[in-house]
Structure formats: structure tokens, C-alpha cells
There are 2 protein chains.
Amino acid sequence: MPTTTSQFLNGVPELLVLRLLRDREMYGYELVEAIRAASNDKLTFAEGVIYPVLHALERDGALSTRRQTVNGRSRVYYSVTPTGKDRFDALLAHWQRVHSTIATIVETPRHA
Amino acid sequence: MPTTTSQFLNGVPELLVLRLLRDREMYGYELVEAIRAASNDKLTFAEGVIYPVLHALERDGALSTRRQTVNGRSRVYYSVTPTGKDRFDALLAHWQRVHSTIATIVETPRHA
DNA sequence: CATCATACCTAGAGACAATAGGTAATGAAT
DNA sequence: ATTCATTACCTATTGTCTCTAGGTATGATG
């Protein structure tokens, strides 16, 4: 039985994919560049990371697809379904809870 | 060649271990309880997670050990070395950079 | 005397991400 | 013409961690 998101982190590629696609549909290759750009090159997820995430999210009904050929090159556009929106909200809430817990521990001086 | 910390997260058990030991030396079993307590039961890392982390950090020179027997039970006390302090600083900085990058992306509305 | 709490430990599985490929078309450069 | 870079898709394998599930042993409690 899968644990979904280990105990806390991981699922960051998924979080970013859902976040960016929430604003507008994109195709995989575009997303890879978009994440790099949105993070000012601080985060780079190669295609080998992003494509499997897209496929998994589509399989789970979080994303829907639309195929289009542009300049002889075929693109697969992904957009977020209602299920996907819920999934994003849950992921984000989880991420924020975990982060604040860790931040508190790290910043709190211990007794004695 | 090992990547140390994937690209961003993971290494949270390590981060917390170093953080708590920075304040005072502790033995493994104690640490497990301390993390649970410090997080108000929101985070639990079982012994099977913590012990391997301790061993790896010791192997890397980030922790030093001291053995002591109390009430017939033998304890291994860990404390942070200068190397360990550096490692914690680096881990924390990395964690914070990544988090702020992700937070920015998540919170930033995209153009059109 | 059995059970629980303390205290140590490791092996194996499972979940990701990361690397390293591979296909194919277009367009620019030589 | 042909090579190379870019666009655009894809998957299989590896690697790194976390997690579960055990196992040992002592001391305290009922």
C-alpha cells in the first residue's frame, strides 16, 4: 500500500506541475522550461522527471490531455481537473504544515 | 557520485537530528522521543530511521560518540562536531533556499 | 513470570527523483 | 547535402533515501 508522500516532502515536482498548470494548460517540454524560469534557474527538473509525473497525474484523473500538432511537432497539452485542484490543495496544505513544523523546531532554542 | 540531498528535500531526519544535538548531546532512543515531542507528535521518525542516520553522520565525522551504561542499559551519546555544525548550517541554508523558491512559485500568480 | 518500557541494532522493501538513454521532426549552419 | 541544435515526446535503470519489520537484551511493574 503506497504512502502517497512518504511522511512529508517529496512530491515537489508534482506540486509545481499542478501549480503551474492551474494557471494555464501547458505541454511537457514547455513545463520543464517554465519551472526553470519560474525558479530563476534554481530548480531544474529534467524531462525524465516531469513526464512520468504528468503520466501519473493523468492516470489518477488529476490532469486531462489534449493533443495538438504545431509545425509538424506533436504536443500534449495538460490541464488540471477538479480532482487535480483538490490534490493540489491537499499537497500544498501538507507541505505547509510540514514546513512550519520543521521551521519551528529548527528555530526554537531548547531548554537548558 | 552521490548527490548528497537529491535536489532539495529529504535529509529532514538528518536536519532535525543535527539541530537537536546541537543544543545538547543525546542518545538515539532519547532523540526519537525528542523529535516526536518537539513536533507535538506531528513528526515521528522511528528508530529504524534515526539509528542509520546517526551511524552515517558519525561515519562522516559530523557526530562523535560516548558510551555510557545507566541502570545496566548501555547508551550511546552523540554530540555534534565542528564538521557537523558546518553540515547543519549548509543543510539549513539549502532547505531554506529551496523552500523560499517553492513558496514563491506557489504564491506568485502567473501573467495572463 | 509475563509484559511493558528502555535501548540498541540491521535487512529488506518501497517510493521517489535522477540519469541516461532513445525516437523523430524542424531549422540553422557549414 | 549534411551535420548539429532545438523542439518534443518517451521509458528503463539506477540511486538515494525513508520506512517497515523485524531481532536482541536489560530493568521495572503487576
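Residue numbering restarts at 1 for every chain, and letters A, B, ... go by the order of the sequence lines. What's counted below: heavy atoms across the whole structure, side chains too, no hydrogens, waters or symmetry copies.
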**Reference residue Phe45(B); test side-chain contact (heavy atoms from CB on, under 4.5 Å); the match among Val17(B), Leu31(B), Val53(B), Val12(B)** = Val12(B)
By nearest atom, which of the nucleotides [options] is closest to the [X] side chain?
| X | options | answer |
| --- | --- | --- |
| Arg75(A) | dA8(D), dT19(C), dC9(D) | dA8(D) |
| Glu47(A) | dC19(D), dC9(C), dA8(D) | dA8(D) |
| Tyr27(B) | dC19(D), dC9(D), dC8(C) | dC8(C) |

Nearest whole angstrom, please: distance from the [atom2] of [N] to the [atom1] of [X].
| X | N | atom1 | atom2 | value |
| --- | --- | --- | --- | --- |
| Glu33(B) | dA5(C) | CD | C1' | 10 Å |
| Ile35(A) | dA18(C) | CD1 | C1' | 14 Å |
| Trp95(A) | dC16(C) | CH2 | C1' | 15 Å |
| Leu15(A) | dC16(C) | CG | C1' | 15 Å |
| Leu91(A) | dA15(C) | CG | P | 16 Å |
| Tyr77(B) | dC8(C) | OH | C1' | 13 Å |
| Met26(A) | dA8(D) | CE | C1' | 15 Å |
| Leu54(A) | dT11(D) | CG | C1' | 14 Å |

For a quick test of reading the model: is some side-chain N or O of [X] closer than 4.0 Å to OP1 or OP2 of [N]?
| X | N | result |
| --- | --- | --- |
| Tyr29(A) | dC9(D) | no |
| His55(A) | dC9(D) | no |
| Tyr51(A) | dC10(D) | no |

**5' priority, DNA chain C, between Val70(B) and Ala46(A) [closest heavy atom]** =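 Comparing both residues, the 5'-ward one is Val70(B).
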**Item:** Residue whose nearest DNA chain C nucleotide is more 5′ - Pro52(A) or Asn71(A)
**Value:** Pro52(A)
**Message:** Once you measure the plane-to-plane angle for His55(A) and Tyr78(A), does it fall in the parallel (<30°), tilted (30-60°) or perpendicular (>60°) bin?
**Reply:**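 Taking Tyr78(A) first and then His55(A), their aromatic rings sit tilted (interplane angle of 30° to 60°).
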**Prompt:** Looking only at side chains, do Thr65(A) and Glu58(A) share a donor and an acceptor under 3.5 Å apart?
**Reply:** yes
**Message:** Any salt bridge linking Glu14(B) with Arg19(B)? Criterion: basic side-chain nitrogen under 4.0 Å from a carboxylate oxygen.
**Reply:** no
At 4.0 Å (heavy atoms only), tell me whether [X] reaches a base, stays on the sugar-phosphate, or touches nothing.
| X | answer |
| --- | --- |
| Gly28(B) | sugar-phosphate |
| Glu30(B) | nothing |
| Arg73(B) | base |

**Request:** Dump the intermediate steps for side-chain contact (heavy atoms from CB on, under 4.5 Å) on Lys85(A) and Thr81(A), then the final yes or no.
**Result:** CA-CA 6 Å; Lys85(A) 288 191 206 305; Thr81(A) 65; over 6 Å; no
**Prompt:** Less than 4.5 Å apart, any side-chain heavy atom of Leu21(B) and any of Leu54(B)?
**Reply:**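 Yes, their side chains come closer than 4.5 Å.
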**Prompt:** Is Arg66(B) close to Glu25(B) at the side-chain level, that is, under 4.5 Å between some pair of heavy atoms?
**Reply:** yes
**Verdict with supporting geometry, Val32(B) and Val49(B), side-chain contact (heavy atoms from CB on, under 4.5 Å)** = CA-CA 9 Å; Val32(B) 170; Val49(B) 175; over 6 Å; no
**Asked** Taking DNA chain C as the partner, which of residues 58-67 of chain A come within under 4.0 angstrom of it by heavy atom?
**Response**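 Per residue number, the list is empty: none.
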